[in-house]
Amino acid sequence: MKVTSRSVTNFWWQRPDLGYRQGRLQFAGNDLSRLAESGGTPLYAYSARRIRANLDRLRGALAKRVRTHRIFYAMKSNRHLPVLCALRAHGGCGVDVCSPEELLLARQCGFREADISYTGTAMSEDDARCLAAH
């Protein structure tokens, strides 16, 4: 859907990497309509640059208020491999996992055991054995 310049105003959610350009919705330099046409819908679009910027902003805010801190990304919120790999590559962030499968996925993405926090309930004996191995 093309939006005419007359119908586009400065929406509250627009920012340099997200907004209408020449009547087309753009995110991280990509035309979202074209991505949806080529890959289908629903479409989930992520920006490694935006992920890094958000992590840096959080790290900066914590550094001003808290002497010692560690940041752990809640993996259950999004297990998409490129998101996890972007977090791992940028550094300064661990992951919080809730299952042995998430633990193994975090390890596959390169997170060290020391950078993984486990939050779980109702673990089976198999889960406990897997976790104990890491």
State whether the number of non-hydrogen atoms from other residues, nucleotides or ligands found under 6.0 Å of Arg49 atom CZ is greater than 12. no
Any donor and acceptor pair, going by atom type alone, linking the side chain of Asn78 with main-chain N or O of His80 inside 3.5 Å? yes
Connected-component partners of Leu84 among ILVMFWY, side-chain separation under 4.5 Å: Tyr44, Tyr46, Ile51, Leu55, Leu58, Leu62, Val66, Ile71, Tyr73, Met75, Leu81, Val83, Leu87, Val95, Val97, Leu103, Leu105, Phe111, Ile116, Tyr118, Met123, Leu131
Taking atom CZ of Phe11 and atom CG of Leu25, what is their separation to the nearest 0.5 Å? 9.5 Å
Determine the minimum heavy-atom distance between Arg24 and Arg34, stating which atoms define it. NH2-CG, 4.0 Å
Applying side chain to side chain contact (heavy atoms under 4.5 Å, CB included), run through Cys93 and Phe72 and close with a yes or a no. CA-CA 6 Å; Cys93 177; Phe72 288 87; over 6 Å; no
Flag, side chain of Gln14 to backbone of Tyr20, donor-acceptor distance under 3.5 Å: yes
Could you report the tightest heavy-atom contact between Gly40 and Leu43, atom names first, then the distance? O-CB, 4.0 Å
Please check this pair: side chain of Arg88 against backbone of Cys109, looking for a donor-acceptor N/O pair closer than 3.5 Å. no
Looking at Arg15 and Asp17, does any basic side-chain N land under 4.0 Å from a carboxylate oxygen? yes
Heavy-atom pair with the smallest gap, counting every atom of Arg21 and Pro16: NH2-O, 2.7 Å
To the nearest 0.5 Å, what is the distance between SG on Cys130 and CG on Leu104? 4.5 Å
Trace of the side chain to side chain contact (heavy atoms under 4.5 Å, CB included) decision for Cys98 with Asp96: CA-CA 7 Å; Cys98 293; Asp96 178 67; 4.3 Å; yes
Not counting sequence neighbours, list each pair that qualifies as a side-chain hydrogen bond (donor to acceptor under 3.5 Å, both in side chains) and has a residue in residues 60-70. Arg70-Asp115
Does Glu102 pair with Lys76 as a salt bridge, N-O distance under 4.0 Å? no
